[in-house]
Every structure is written in structure tokens, then in C-alpha cells.
Amino acid sequence: MIHAFLRDFMPNQSDPALSADDIAAFVRDGFIRIDEAFGEDTAVQAREILWEATGCDPDDRSTWTRPVVRLDQFSHAPFREAANTPKLCAAFDQLVGAGRWCPRGTLGTFPIRFPSQESVGDDGWHIDVSFGYEHPDFMEWRANVSSKGRALLMLFLFSDVGVDDAPTRIRVGSHADIARQLAPAGEAGLTLRELAADGFASSAERREELALGNAGTVYLCHPFLVHAAQLHRGIAPRFMAQPPLMPREPLSLHRKDGGYSPVEQAIVDAISDE
């Protein structure tokens, strides 16, 4: 069933970034995949920069000595271009609300995964928490029901990602479970340690989907989506960024006019179903 609110997030143009069905799927499933969100040439240029930053040689596998190389923010032109294409900006407007999000001048972080059977212990189910970063223990970082500090989680594929290439695992619809878990905690929210205490059991029965796609694909995910990494069983490194889209204004779950964005509507639906 498509909510009436979708009319407010369908631009009056012949070719919007997201259809009404796409937006309904985002509210229901917690994510939407956008193919060709940015160009292959942009992805190639970005990979060249990332390869140099890893200190590894793309033509010498003996230099691929770590299963994961983590890189932070990059402000070079290819990354700015990838993050600000007209298709993506239109999708941000549709999912978060026009004027309610901040354009990105950089992209990061990049967990560059190399083919390896060595686990580094970073493949547990989790959500990306969004405030309380001043605490030195990342397990004490927090999230709350109004998603303070984060409008979207985004997965930018800068290389082709198949089933063996360490695609991110997604629990479809799990954003609703997290919204219901966070609601009683109010503005203070919960720490990652508190959220993870039961291993994210509330979403354990959810269907799992993989974030597959060609270079240039972007997954726009609800901030509460439960997801996990996995080992790389392929032959070529996987290049992906997983930045947040930052809100320009706080998300609101109490709009008097009912003008909720799809991100907000998904939370309202979840906590209203309790």
C-alpha cells in the first residue's frame, strides 16, 4: 500500500530519480538500489587514487598483505562528482526532503577489502550509530529514534561487486526493528553496546540481501538498517565507500502537517505499529 505522503516526495518532472514504488520499497525494506548513480569513468579515476592510498600495487598480488585497508575522507574531484550527481541529489530530496540534507564535499570511509580467508572480526551485524563520537570507546557511540546526526547510510560501489566480492549483507526491513528498540530510550538513545547486547536478535529472522552491483551503483539505506560485512572470496579488491548523508535539520517524528519524509515515515510507521 502506497502512503498518501508519497505525493509530496514525487517531483513534478517526467523522469524523477525514484518512482512511487521505489519510495514505498524504501519505507518498507529500508533501502533502495540506484544503478548508474555515477559514471564508470568517475569510478575508474577514484580507484586510481584509492589504489595509491592503500600502498598496494594493483599488478602485484604479493603487496595485498591485509584483508582490509581502511581509508578515510577523500575530497578529490572524482569523489565529489560521485556524491553529487543530479540523480543522487534528486533521490536525496525525495527520501530526506528538499533542503533537509547537507551536500557532501568528501567521501569516506572506505573499507577496501582484499581477497582473503583471514577474518578481522569486523563482520558482525550492526547499525551505524550517529552521535556521541566524543567518547573514546566506539561501542559507547549512540543512536536515537529520531536518528540524530544521520539522514541516510549510503553504500557507494567504486568497483563491480558480485556475490564473492564481499558484498555488504542487509537484513531487509530491519530498520523497523531498530526504530522500535530505540523508541523507549527517547532523545538519549542507546549506545552501540546496548543495541548489540543481544546480537541484533530482533532482526534475526529477516530476509538477507546482498549489496551487489556494477561500479557506479549506490545503495541509499535507512539509518537504522541492520547490515554486516563478510569475507572477500573473489579475485579483485572491492572498493566501496559507506558515508552518511548528514541532515541539515533534525529529523522530526511529530510534524503537525504530516509532511514526513520517507526516512521519517518509516520510523513513524514502525513505532506506530507497536
Side-chain angles (χ1 to χ4, degrees), residues 31-89 91 103-126 128 138 152-170 208-221 225 227-246:
F31 70 97
I32 193 72
R33 167 179 161 166
I34 301 181
D35 295 321
E36 298 179 342
F38 61 94
E40 172 61 24
D41 288 346
T42 300
V44 170
Q45 295 170 33
R47 286 201 303 273
E48 291 175 354
I49 295 167
L50 294 168
W51 266 115
E52 183 175 359
T54 67
C56 302
D57 185 338
D59 300 315
D60 183 358
R61 294 177 66 92
S62 70
T63 65
W64 305 0
T65 58
R66 291 174 285 173
V68 183
V69 176
R70 298 187 182 279
L71 304 174
D72 206 358
Q73 305 299 317
F74 286 81
S75 60
H76 307 69
F79 302 101
R80 297 196 307 274
E81 291 167 8
N84 294 285
T85 64
K87 182 182 285 190
L88 282 178
C89 290
R104 289 205 59 94
T106 64
L107 273 187
T109 57
F110 284 84
I112 311 301
R113 295 196 180 272
F114 288 80
S116 176
Q117 293 302 308
E118 177 188 348
S119 174
V120 295
D122 65 347
D123 56 356
W125 293 102
H126 65 283
D128 285 15
F138 77 93
L152 290 173
L153 164 68
M154 304 186 288
L155 308 177
F156 281 72
L157 307 190
F158 281 90
S159 61
D160 295 347
V161 178
V163 295
D164 293 327
D165 303 320
T168 299
R169 298 178 289 160
I170 292 169
E208 185 177 323
E209 193 161 318
L210 302 177
L212 307 173
N214 295 328
T217 301
V218 174
Y219 284 75
L220 300 180
C221 307
L225 191 68
H227 59 286
Q230 61 175 311
L231 291 176
H232 193 317
R233 300 173 178 85
I235 59 174
R238 184 212 65 183
F239 291 85
M240 183 193 77
Q242 50 187 38
L245 184 69
M246 308 298 288

Within the side chain of [X], is there an N or O that forms a donor-acceptor pair under 3.5 Å with the backbone of [Y]?
X: R169; Y: D123; answer: yes
X: T63; Y: D57; answer: yes
X: R104; Y: T106; answer: yes
X: D72; Y: T109; answer: no
X: R61; Y: I235; answer: yes
X: S159; Y: F239; answer: yes

How about [X] and [Y]: do any of their side-chain heavy atoms sit closer than 4.5 Å?
X: W51; Y: P237; result: yes
X: R238; Y: T168; result: yes
X: L220; Y: I34; result: yes

Can you measure from [atom1] ([X]) to [atom2] ([Y]) and round to the nearest 0.5 angstrom?
X: D164; Y: H232; atom1: CG; atom2: NE2; result: 8.5 Å
X: L157; Y: F38; atom1: CG; atom2: CZ; result: 7.0 Å
X: L107; Y: L71; atom1: CG; atom2: CG; result: 12.5 Å
X: I170; Y: L155; atom1: CD1; atom2: CG; result: 6.0 Å

Stepwise side chain to side chain contact (heavy atoms under 4.5 Å, CB included) check, V163 with L210
CA-CA 7 Å; V163 295; L210 302 177; 4.2 Å; yes
If you take all heavy atoms of [X] and [Y], which pair is closest and at what distance?
X: A211; Y: V161; answer: O-CG1, 3.8 Å
X: A236; Y: P115; answer: N-CG, 3.9 Å
X: V218; Y: A37; answer: CG2-CB, 3.6 Å
X: Q73; Y: G108; answer: OE1-N, 3.6 Å
X: S119; Y: G121; answer: OG-N, 3.2 Å
X: I112; Y: T54; answer: CG1-CG2, 4.4 Å

Can you list everything that forms a ring pair (Phe, Tyr, Trp, His ring centres under 6.0 Å) with [X]? Sequence neighbours excluded, please.
X: Y219; answer: none
X: W125; answer: none
X: H76; answer: F74, F79

Side chain to side chain donor-acceptor pair (under 3.5 Å) partners of [X], counting only residues at least two apart:
X: R233; value: Q230
X: D60; value: S62
X: E209; value: R207

For R70, check salt bridge (charged side-chain N to carboxylate O under 4.0 Å, His left out) against everything at least two apart and list the hits.
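Partners of R70 under the salt bridge (charged side-chain N to carboxylate O under 4.0 Å, His left out) test: D122.
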Provide the full list of salt bridge (charged side-chain N to carboxylate O under 4.0 Å, His left out) pairs with a residue in residues 32-48, sequence neighbours left out, each pair given once.
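As it turns out, the salt bridge (charged side-chain N to carboxylate O under 4.0 Å, His left out) pairs with a partner in residues 32-48, which skip direct neighbours, are R33-D35, E40-R47.
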Set of residues satisfying side chain to side chain contact (heavy atoms under 4.5 Å, CB included) with respect to [X], sequence neighbours excluded:
X: D128; result: H126, R150, L153, H227
X: A241; result: F110, F156, F158, P243
X: P67; result: S116, E118, V120
X: A77; result: R80, E81

